[in-house]
Structures are given as C-alpha cells and as structure tokens.
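Okay, so here's the structure we're looking at.
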Amino acid sequence: MSEGAAVVGRLRAAYESGITKPYAWRVAQLRALRRMLDEEEDAFEAALLADLGKHPVESVVTEIGLVRLEIDHVLKHLRGWLRPRRVPVPAIALPATARTMYEPLGVALVIAPWNYPVLLSLSPAIGALAAGNALVLKPSELAPATSALLAELLPARLDRRAVAVVEGGVPQTTDLLEQRFDTIFYTGNGRVGRIVAAAAAKQLTPVTLELGGKSPVYVDGTGDLRAAAERIVWGKFLNAGQTCVAPDYLLATADVAARLVPLLREAVLARYGEHPESNPDYARIPDERRFDRLLPLLADGDAAVGGTADRGRLHVAPTVLTGVARDAPIMQEEIFGPILPLIEVTGLDDAIRFVNAGDKPLALYVFSTDRAVRRAWLTRTSSGAVGFDAPNVHLSVPGLPFGGVGGSGTGAYHGERSLRVFSHEKAVFAKPLAPDTLALFRPPYTERVEAIVRRIFR
Ligand code: NAD
C-alpha cells in the first residue's frame with residue numbers, strides 16, 4: 001500500500017468515527033494552531049529565512065500575522081456561521097419549514113506552493129478544520145525547511161488521528177492524487193492545476209484552484225505618482241516578486257511612464273539600496289531552475305532600474321524594464337519574479353483591450369483618482385479582484401472572497417468562504433403529515449385537480 005493510501009485510509013476511518021464533527025473539536029484545532037504560531041514563531045521565521053531569504057518582519061506581515069488574523073476571525077464567527085439558516089417556503093409547499101446546514105465534506109487534501117509556504121498551507125487548513133474535515137496537507141518541496149517544520153509540528157499540536165502532513169515532490173503528490181478525497185484545495189500554477197483538476201474529475205471530487213496569472217497595474221497619472229510608485233515597488237518586490245497577486249506588469253501612456261519611471265527608480269533605491277543582492281530585507285529565488293527561467297526575461301527590455309542577477313546567490317535585482325514589446329516572452333506568462341515590464345499604451349481603451357486579450361487576471365490594480373476610469377476597469381474587465389491605489393492588501397480582508405476567475409482559478413476562500421469551500425450546504429426540509437396538502441397534486445387527475453394545479457402554477 002502506498003503512503004498516500006495508508007494516510008487517507010487512516011484519516012477516513014477517523015472522519016467516519018465522527019471525531020472531527022463536534023464544534024468543540026474544531027475550535028480546539030484552531031486554538032492549537034494559534035498556540036503553535038505563538039510558541040514556534042521563531043522556528044517559522046527561521047524556516048522562511050532558510051527557504052526564501054525572507055526577512056522576519058516580512059514573514060510576520062505576509063505570512064504568520066495573516067494566519068493569526070484568519071484564525072481569530074474564524075474563531076470569533078464560527079458558531080454563528082454554523083447556525084442553521086431558515087429559508088422561506090413558497091405557498092405550494094406550505095405548511096413546512098426549510099433550512100440549510102453546513103456539513104463537512106470528509107477528508108480534504110490541501111496542496112500548497114513554496115512562495116508563501118506558511119500562509120498558503122495554514123490558511124486553507126483553517127477552513128478545512130473549521131468545517132470539521134480530516135485534513136491531509138501536502139506542503140511544497142521547494143520550501144523544505146517550512147515543509148519539515150509543518151510535518152513535525154502539525155501532528156504534534158493538532159489531533160494526529162485526523163490531521164496528517166505528507167512531504168515530498170511530484171511522486172508523493174501524484175500518489176495522493178490517486179486517492180479518493182472529498183475535496184482538493186490546490187494553490188500553485190495553472191499547469192499543475194490542470195493535473196489536479198483531471199485527477200479530481202476521475203473521482204468526481206470537487207476542487208478549488210488558487211492559481212496565478214498576469215496581474216496588470218494601470219497608472220493614469222491623475223493621483224500622487226510618488227505615492228503610487230512606492231506602493232507598486234512594495235507590492236512587486238515583496239518576496240522578490242514571487243507573490244501570486246503581485247503586480248505583473250505596468251500599463252501607462254508614454255507621458256505618464258516618463259514621470260513614473262524615475263519615481264520607481266527612487267523608490268527601489270530607498271527600499272533596497274544600491275546593493276539589493278546583499279540586503280537582508282530582500283528575498284531570493286528558491287532554486288536554479290526558477291532563476292534560469294527568469295534570467296533571459298531581463299533581456300526583454302531596457303533596464304531602467306536593476307537588470308542584474310547572480311546565479312550563485314539566486315539573486316535577481318529589483319528590475320523595471322521599459323521598451324518592452326507587447327509580444328515579448330516576458331509578456332507571455334506570469335513573471336513570478338522581481339521584473340516589472342512597462343507596456344506603453346495610447347490610453348484607457350488601449351489598456352483595457354490589452355488586458356482583455358489575455359487570461360483573466362487574479363488581481364487588477366488601478367492607480368487613478370478619476371471615477372470614470374475606475375468604473376471603466378470595474379465594468380469592462382474581469383479579474384479575481386480589483387485594487388484601487390493599493391496592490392496585494394485586499395487579501396488581508398477576511399470578508400472579501402480571495403480567488404481567481406477563468407485562468408486565474410476556480411473558487412474563493414478566506415473568512416466564511418473558507419468554511420463554505422470545505423463544507424456541503426445541505427438542504428433540510430420538514431413538512432407535517434397533516435394537513436395533507438399534497439393530496440391536491442395526486443392522481444387521479446380529475447378536472448378539479450387540474451383546475452387547482454393550473455391556478456396555483458400560473
Ligand atoms: P510549486 O512548484 O510549489 O507547486 C505547488 C504544489 O504542486 C507543490 O506542492 C508541488 O509538490 C505540487 N506539484 C508540482 N508539480 C506537480 C505535478 N506534476 N503533479 C502533481 N503535483 C505537483 O508552486 P508553483 O506552482 O511554482 O507556485 C507558483 C504559482 O502559484 C504561481 O503561478 C502563483 O501565481 C501561484 N500562486 C497562487 C496563489 C493564489 O492564492 N491564487 C498563491 C500563491 C501562488
């Protein structure tokens with residue numbers, strides 16, 4: 001029996017025994033998760049530093065802190081969310097009551113990527129546990145220190161009968177995908193997303209796909225450009241550009257570009273200095289394969305900022321490229337690295353047409369004080385999210401759905417939606433045996449029955 005089969009078999013038995021369903025069990029798991037983060041914060045920061053060169057402050061802001069906020073939000077609201085909800089009953093079915101209730105799906109598989117290996121492992125895990133599922137977590141092999149830490153701590157801190165971590169790469173994930181799960185939650189790239197969806201389809205397992213894509217930033221020059229440049233630089237070069245919702249490329253007219261580029265240069269210098277390769281505030285690329293993918297992209301334009309790279313240090317400088325052709329290789333796929341190409345457009349319509357010609361992005365950012373411009377982007381494009389004047393931060397709002405559309409993903413989570421993603425919303429209907437109103441619809445279909453039916457369903 002494979003490792004995957006053994007783990008899933010064990011967890012399924014635990015789920016079927018009913019231990020994961022009580023509210024108290026769910027809360028205990030979430031509290032244990034919170035305690036783990038509090039007591040092992042140093043270990044998580046060290047793992048993120050080892051895996052990605054992430055500065056501890058960045059690890060708190062973008063990973064550990066966000067998981068804490070999510071746990072606290074869920075703990076505060078879970079009881080209310082789980083309350084059955086009455087729904088109105090139409091006259092033809094009266095007298096009766098109708099309500100919905102969330103039930104767990106069963107055994108959930110969460111497959112996480114390497115770029116935010118704590119956040120993107122634990123944030124879905126919160127939803128799975130809050131919904132009362134057994135959970136198999138498969139962290140990314142490209143963040144090995146974090147993966148090992150999760151594999152050590154989760155079974156020790158949570159109920160190991162119902163929570164397991166399977167480490168490994170493609171063979172282990174492939175083995176897991178051959179097992180029957182009740183839901184699969186995958187975060188990563190679209191190529192593997194298709195593999196996951198195909199495997200899930202064989203078992204009719206529902207999937208949530210949190211993918212990436214090319215998230216554009218449009219700057220129309222109406223607002224404070226210096227402030228915009230600072231935010232774009234922060235959003236893009238955080239984690240060395242390896243953020244699913246990071247600005248992928250810039251869209252601006254030649255006029256605006258001429259004013260914006262010097263401000264981007266100043267902002268990069270102010271944040272990362274003359275030597276970003278040795279700046280501890282700046283993250284690195286996880287491995288040579290990903291470095292080698294990024295390197296040729298540096299040649300797709302003129303480096304107005306940065307443009308250098310060092311394979312030995314797995315370092316790519318924060319880079320802004322101008323003079324980039326619309327069909328350049330860098331514009332074909334999500335960049336997922338610290339290179340920001342600027343595409344010149346003739347104006348709003350040209351920019352919108354350009355975005356609409358590609359896959360639907362995970363996020364779309366607009367820097368503009370012009371309400372008509374904002375409305376045009378909202379109503380004439382489709383994306384997982386829209387951010388006005390601020391990249392990335394929308395994902396910290398638990399009430400907002402976090403997810404993509406089309407090529408950037410299927411399904412959304414965070415807050416109550418995390419509970420929904422890992423639950424089945426069951427319809428519950430109850431009708432007293434008397435009075436026997438259903439008699440109205442029963443054969444024989446006499447003229448009287450027909451007259452009543454025709455009147456009611458008019
Ligand atoms: P990755 O390479 O770590 O892959 C993610 C997971 O898929 C890993 O657990 C890995 O073991 C598994 N995997 C890899 N190849 C596989 C295969 N052939 N078969 C089965 N499983 C396999 O991460 P990545 O894909 O490089 O992550 C980056 C991508 O993820 C980017 O496109 C980014 O935009 C996207 N992303 C999206 C979100 C989001 O929330 N929407 C968040 C972060 C990253």
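Numbering of ligands and ligand atoms starts at 1, following listing order. The residues of the chain are indexed from 1 along the displayed sequence. Given the structure is predicted, the values throughout are model-derived calculations rather than measurements.
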For this session: Dump the intermediate steps for side-chain contact (heavy atoms from CB on, under 4.5 Å) on Y413 and S123, then the final yes or no.
Result: CA-CA 9 Å; Y413 72 128; S123 191; 3.7 Å; yes
[X] side chain near [Y] side chain, heavy-atom distance below 4.5 Å:
X    : Y    : result
M331 : Y249 : yes
I71  : R34  : yes
V320 : R265 : no
L250 : L260 : yes
I232 : Y365 : no

Ring centroids only, cut at 6.0 angstrom: are [X] and [Y] within range, meaning strictly under it?
X    : Y    : answer
Y282 : H55  : no
F388 : F367 : no
F336 : W114 : yes

Tell me the nearest of [options] to [atom], using heavy-atom distances.
atom                    : options                : value
atom 11 (O) of ligand 1 : E167, E334, E141       : E141
atom 13 (N) of ligand 1 : T174, V192, I195       : V192
atom 29 (C) of ligand 1 : G188, G212, G169, P117 : G188
atom 38 (C) of ligand 1 : P139, C244, A143       : C244
atom 43 (C) of ligand 1 : L120, V170, L211       : L120

What protein heavy atom lies closest to [atom]? Include the residue and the distance to one decimal.
atom                    : value
atom 3 (O) of ligand 1  : S140 OG, 2.7 Å
atom 2 (O) of ligand 1  : R290 NH2, 3.3 Å
atom 26 (O) of ligand 1 : W114 NE1, 3.0 Å
atom 7 (O) of ligand 1  : Y186 CE1, 3.5 Å

Part of [X] with heavy atoms under 4.0 Å of ligand 1, whether side chain, backbone, both or neither:
X    : answer
N189 : both
F336 : side chain
N115 : side chain
V196 : neither

For this session: Kindly check if the number of other-residue, nucleotide or ligand heavy atoms within 6.0 Å of CD (E41) is above 12?
Result: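 Atom CD in E41 is packed in, count exceeds 12.
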For this session: Flag yes if more than 12 heavy atoms outside R160 fall under 6.0 Å of its CZ atom; otherwise flag no.
Result: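 Open.
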Atom indices of ligand 1, in the order listed, that fall short of 4.0 Å to a heavy atom of [X]:
X    : answer
L362 : 41 (N)
T173 : 11 (O), 20 (C), 21 (N)
E210 : 37 (C), 38 (C), 39 (C), 40 (O), 41 (N)
I111 : 6 (C), 7 (O), 9 (O)
T187 : 5 (C), 37 (C), 38 (C), 39 (C), 40 (O), 42 (C), 43 (C)

Problem set entry | A112, any N or O under 3.5 Å of ligand 1 N or O |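 A112 vs ligand 1: N/O contact under 3.5 Å present.
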Exercise. So is R191 polar-close to ligand 1, meaning N/O to N/O under 3.5 Å?
Worked result: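 R191 vs ligand 1: no N/O contact under 3.5 Å.
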Exercise. Applying a strict 4.0 Å limit to heavy atoms, is F402 in contact with ligand 1?
Worked result: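 It does; at least one heavy atom falls under 4.0 Å.
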For this session: Report the C-alpha distance between W81 and Y102 in whole Å, list the side-chain angles of each, state the deciding distance to 0.1 Å, and finish with yes or no for ring pair (Phe, Tyr, Trp, His ring centres under 6.0 Å).
Result: CA-CA 9 Å; W81 293 336; Y102 288 130; 9.0 Å; no
Problem set entry | Test side chain to side chain contact (heavy atoms under 4.5 Å, CB included) applied to V166 and L109, L176, D175, the passing residue |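 Result: among L109, L176, D175, L176 is the only option passing the side chain to side chain contact (heavy atoms under 4.5 Å, CB included) with V166.
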